[in-house]
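The structure is given below, and queries will be raised subsequently.
Values reported hereafter were calculated over all heavy atoms of this structure, with side chains retained and with hydrogens, waters and symmetry mates removed. Note that ligands are numbered from 1 as they come in the structure, with each ligand's atoms numbered from 1 the same way.
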Amino acid sequence: MLDKLIKKTLGELAKINSLEELQDLEVKILGRKGALTNHLRGIKDVPGEEKKAYGENANKAKKTLEEAFDQKKSELKEAALNSQLTTENFDLSEPGIKPEIGHIHPLSKVQWEVENIFSQMGFSIMDGPEVESEYYNFEGLNIPKHHPARDMQDTFFLDKEADKKHGRLVLRTHTSPVQIRTMEKYGAPLRIIIPGRVFRYEATDASHDTTFDQVEGMLIDKDISLSHLKGILQEFLTRLFQKEVKVRLRPGYFPFVEPGLEVDFSCLLCGGEGCRVCKNTGWLEFMGAGMIHKNVLKAGGVDPKKYQGWAFGFGLTRLVMMRYGIDDIRLLKSADPRFLTQF
Ligand code: FA5
């Protein structure tokens with residue numbers, strides 16, 4: 001009886017030419033009231049000792065037929081697709097769908113330009129961890145515990161200790177910790193820049209964010225003075241903005257430099273005459289810098305009697321804003337295509 005049903009069904013299956021016919025046959029055989037389903041239900045009337053064999057055979061038949069139906073279904077689907085491809089009209093000259101092509105984020109663009117200019121001047125590009133220890137972020141940089149200078153940079157602390165010597169883990173508040181890491185690793189002389197992301201626990205507004213990018217610079221050698229710093233920065237900014245830029249140094253305070261400086265550059269819009277952008281001063285505030293403090297050189301294992309050097313740190317994010325005239329820092333991390341497609 002079962003063999004007959006299988007044979008008959010396979011025979012009918014072979015003659016089927018459409019998915020609708022296939023579905024009808026499937027209902028007739030495997031559906032709730034289908035022939036095979038009825039056969040399976042008949043198990044209740046079979047004597048005890050024959051039940052096992054009856055059930056096994058019926059399930060085997062069910063499996064065979066299900067596979068045959070699946071196989072036929074894929075054949076019919078493929079045939080339908082092929083006939084669609086051969087019968088439908090194709091216009092090969094019709095314009096295609098233009099693929100969306102992404103592009104480089106303005107922050108990365110400017111970062112690469114900065115890296116290129118400094119590489120051309122013989123600087124190497126360094127990297128360091130974003131999750132730092134208190135030691136590298138503060139103590140090593142001559143900012144002891146409880147020193148009021150720690151309040152200058154509000155910090156995100158992690159609930160975990162690096163180790164006894166290095167203290168708690170923090171999200172680095174500046175790229176300066178990599179100064180010490182690089183001195184420890186390579187010793188002096190050194191000529192490096194360190195671009196990277198930094199984090200501060202502060203209220204955001206149009207010019208402040210909690211996550212932003214900085215570029216640190218450091219040059220250590222014999223007989224190094226601030227005139228080298230001024231020369232390098234002037235050259236860097238002139239190449240970056242492709243117009244002559246002047247640099248001005250003012251006294252400033254950072255615990256890891258002595259003397260410390262604030263660096264300004266001549267306003268790009270008015271060239272120093274005074275305008276709305278520079279608030280009529282002719283200058284734009286750019287960054288902190290100074291001669292590296294001897295305690296910092298020592299922390300990095302460099303002998304301050306033999307070597308000296310300078311370091312600087314500027315906000316890359318703010319430089320990008322100046323470069324493209326972006327008036328809100330938060331747009332840069334917004335991932336908003338209306339903003340990003342403008343670059
Ligand atoms: C520092 O972070 C020092 N490490 C810089 C330095 C390095 C000084 C080496 C001396 C020697 P400061 O906190 O001023 O300094 O930050 C440097 C720059 O980061 C600022 O000039 C500014 O451009 C940028 N910056 C600071 N806070 C924010 C913020 N919340 N959002 C965006 N940019 C910021």
Among M287, Q214, R200, which residue places a heavy atom closest to atom 17 (C) of ligand 1? Q214
K51 side chain to D45 main-chain N or O, any donor-acceptor pair under 3.5 Å? no
Going by the order shown, which atoms of ligand 1 are within less than 4.0 Å of some heavy atom of G315? 18 (C), 19 (O), 23 (O), 24 (C)
Could a heavy atom of T317 be found less than 4.0 Å from some atom of ligand 1? no
Kindly assign one of parallel, tilted or perpendicular to the pair F254 and F256, based on the angle between their ring planes and the thresholds 30° and 60°. tilted
Hey, which atoms in ligand 1 end up nearer than 4.0 Å to a heavy atom of G288? 6 (C), 8 (C), 10 (C)
In ligand 1, the atoms that come under 4.0 Å of a heavy atom of V257 are 11 (C)
For I329, take its heavy atoms, then give the atoms of ligand 1 lying under 4.0 Å from any of them. 31 (N), 32 (C)
Using a strict threshold of under 4.0 Å (side-chain N to carboxylate O), is an ion pair present between D264 and R248? yes
Should E134 and R168 count as an ion pair when the cut-off is N to O under 4.0 Å? yes
Ring-face cation of R197 near F212 (centre distance under 6.0 Å, axis angle within 45°): no
Under 6.0 Å from the ring centre and within 45 degrees of the ring axis: does the NZ or CZ of K222 meet both conditions for the six-membered ring of Y307? yes
Report yes or no: is the cationic atom of K165 (NZ for Lys, CZ for Arg) under 6.0 Å from the centre of the six-membered ring of Y135, at an angle within 45° of the ring normal? yes
When only distance counts, is H208 in polar contact with ligand 1, meaning an N/O pair under 3.5 Å? no
L169 side, atom CG; S133 side, atom OG - distance, nearest 0.5 Å: 7.0 Å
So, 4.0 Å and heavy atoms of G217: is ligand 1 close enough to count as a contact? no
At a 4.0 Å threshold, what atoms of ligand 1 neighbour a non-hydrogen atom of S176? 4 (N), 7 (C)
At less than 4.0 angstrom from any non-hydrogen atom of F286, what atoms of ligand 1 do you find? 21 (O)
Any atom of ligand 1 sitting under 4.0 Å from a heavy atom of F256? yes
With respect to E202, determine whether any N or O atom, backbone or side chain, lies less than 3.5 Å from an N or O atom of ligand 1. yes
Calculate, to the nearest 0.5 Å, the distance between atoms OH and OG1 belonging to Y201 and T173 respectively. 15.5 Å
T173, any N or O under 3.5 Å of ligand 1 N or O: no
Atoms of ligand 1 less than 4.0 Å from S207 heavy atoms? 31 (N), 32 (C)
